[in-house]
2 protein chains.
Amino acid sequence: MSADSLREHLQSLPETDPELDRLVTQIIGRVADKWTMLLIEILTEQGECRFGELGRACEGISQKMLTQTLRAMERDGLVTRTVHPVVPPKVVYALTELGLGLSEAFCGVWTWAERNREKIEQARAEFLARQEG
Amino acid sequence: MSADSLREHLQSLPETDPELDRLVTQIIGRVADKWTMLLIEILTEQGECRFGELGRACEGISQKMLTQTLRAMERDGLVTRTVHPVVPPKVVYALTELGLGLSEAFCGVWTWAERNREKIEQARAEFLARQEG
DNA sequence: CAGAATCCCGTTGGATACTG
DNA sequence: CAGTATCCAACGGGATTCTG
């Protein structure tokens with residue numbers, strides 16, 4: 001896709017209304033979050049997961065942030081939370097249709113990151129050299 | 001795209017190496033940021049922009065965060081920063097090829113947010129009702 | 001105009017301990 | 001196991017001031 005056609009495409013989107021634009025912007029702000037994106041990717045790859053599984057798969061996340069992020073995702077309709085009344089407790093999280101849609105949409109960013117990892121590292125090295133030199 | 005085919009697609013990506021996976025994850029973390037995404041969208045729609053233009057277009061951003069985000073984007077090779085030696089100073093920012101690629105990749109998320117805005121708001125309302133009831 | 005520098009406060013988020 | 005509750009440090013980020 002060329003720069004021009006991409007621009008045209010973006011401009012063609014129906015957010016001429018500033019009010020609407022604000023709402024969409026807010027959604028992006030809410031959803032363009034590191035943990036949310038990682039959890040969505042894990043749930044897409046692994047299918048439904050238990051709380052602990054997610055914690056282990058999502059490297060570096062604290063249990064507090066895991067709970068918090070999952071709650072927000074549930075609130076926004078991205079995942080379902082199913083409690084199985086057994087001992088010990090078993091709670092299963094799964095992507096909703098909405099969540100799956102976001103996963104598909106974000107898939108492009110993930111692919112982009114992989115494909116351009118080296119370019120980014122190179123750019124960082126050059127930037128650093130420019131600063132020092 | 002079905003859930004299964006999306007899963008297959010993600011699993012087919014060459015990040016079996018955990019080290020590589022960490023790097024990509026870090027890039028996602030760096031780039032999945034509200035201001036970065038908004039600035040990329042603005043630069044895509046408007047083409048090259050001056051510092052002040054970006055500040056005005058990116059509603060709610062402080063000058064500090066604008067500078068900071070633009071620096072990080074420049075460091076990662078997403079934008080170029082061109083200084084025109086005139087008085088008053090004129091500095092122009094533009095997307096690089098790399099930045100344009102990210103813009104394209106993220107375009108899907110933007111479209112998703114617009115298309116599903118109502119569903120998200122509905123999900124929030126239902127979640128709220130469930131909590132209260 | 002395009003920042004750099006400083007101050008300062010609120011929120012984020014980690015660590016830890018506790019519970020059904 | 002799947003959380004909740006509490007405390008606290010670190011960082012994000014706004015407001016303001018100053019400069020080339």
Side-chain angles (χ1 to χ4, degrees), chain A residues 22 25-26 28-39 42-43 46-76 78-95 127 130-132, chain B residues 22 25-26 28-39 42-43 46-76 78-95 127 130-132:
Chain A
R22 267 195 44 259
T25 293
Q26 186 224 329
I28 294 280
R30 162 67 259 291
V31 134
D33 158 73
K34 181 188 177 183
W35 297 132
T36 303
M37 288 302 124
L38 288 178
L39 286 173
I42 292 166
L43 283 168
Q46 320 221 351
E48 54 175 38
C49 287
R50 300 182 58 173
F51 184 83
E53 290 183 271
L54 290 173
R56 264 167 274 128
C58 197
E59 206 170 340
I61 197 171
S62 68
Q63 150 263 47
K64 177 178 174 178
M65 283 315 293
L66 181 55
T67 303
Q68 209 165 292
T69 307
L70 284 171
R71 282 289 177 284
M73 290 171 73
E74 191 194 353
R75 189 178 66 97
D76 291 344
L78 301 178
V79 299
T80 57
R81 176 175 178 271
T82 312
V83 181
H84 294 84
V86 295
V87 275
K90 180 176 178 180
V91 179
V92 171
Y93 293 89
L95 285 182
F127 184 81
R130 237 178 300 149
Q131 295 314 80
E132 290 173 341
Chain B
R22 268 194 44 258
T25 294
Q26 187 225 329
I28 294 282
R30 162 67 259 290
V31 134
D33 159 75
K34 181 187 176 183
W35 297 132
T36 302
M37 288 302 124
L38 288 177
L39 286 173
I42 293 166
L43 283 168
Q46 320 221 350
E48 54 175 39
C49 286
R50 301 182 59 173
F51 184 84
E53 289 182 273
L54 289 173
R56 264 167 274 126
C58 197
E59 206 170 340
I61 198 171
S62 68
Q63 162 257 47
K64 177 180 176 179
M65 283 314 294
L66 182 55
T67 303
Q68 208 166 292
T69 306
L70 284 171
R71 282 292 177 283
M73 291 172 73
E74 189 194 355
R75 188 178 66 97
D76 292 343
L78 301 178
V79 298
T80 57
R81 175 173 178 274
T82 312
V83 182
H84 294 84
V86 295
V87 276
K90 179 177 178 180
V91 179
V92 171
Y93 293 88
L95 285 182
F127 184 80
R130 236 178 300 150
Q131 295 315 80
E132 289 173 342

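- Between the NE2 atom of A:H84 and the C1' atom of D:dC1 there is a distance of 14 Å, given to the nearest Å.
- To the nearest 0.5 Å, atoms CG (A:L70) and OH (A:Y93) are separated by 5.0 Å.
- Taking only side-chain nitrogens and oxygens, A:R56 never comes nearer than 4.0 Å to OP1 or OP2 of D:dA2.
- Proximity of B:Y93 to the phosphate of C:dC1: no side-chain N or O atom is located under 4.0 Å from OP1 or OP2.
- Using a 4.5 Å cut-off on side-chain heavy atoms (C-beta onward), A:F127 and B:D76 make no contact.
- Separating the CD atom of A:E53 from the P atom of D:dA2 is a distance of 8 Å, rounded to the nearest angstrom.
- Look at CZ on A:F51: it is 6 Å from C1' on D:dA2, rounded to the nearest Å.
- A distance of 11.5 Å separates CD in B:Q46 from CG in B:L95, rounded to the nearest 0.5 Å.
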Base-contact (B) and sugar-phosphate-only (S) positions in nucleotides 12-20 of chain C, heavy-atom cut-off under 4.0 Å, - elsewhere: -BB--B--B

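- A sub-4.0 Å separation between OP1 or OP2 of C:dA2 and a side-chain N or O of B:R50 is present.
- Between A:V83 and A:P89 the shortest side-chain heavy-atom distance does not fall below 4.5 Å.
- Side-chain contact between B:V31 and B:M37 is present, with heavy atoms from C-beta onward closer than 4.5 Å.
- For the pair B:K34/B:M65, no side-chain contact is recorded, criterion being any heavy-atom separation below 4.5 Å from C-beta on.
- Between B:L54 atom CG and C:dC1 atom P the separation is 14 Å, expressed in whole Å.
- The distance from atom CZ of B:R81 to atom C1' of C:dA2 is 8 Å, rounded to the nearest whole Å.
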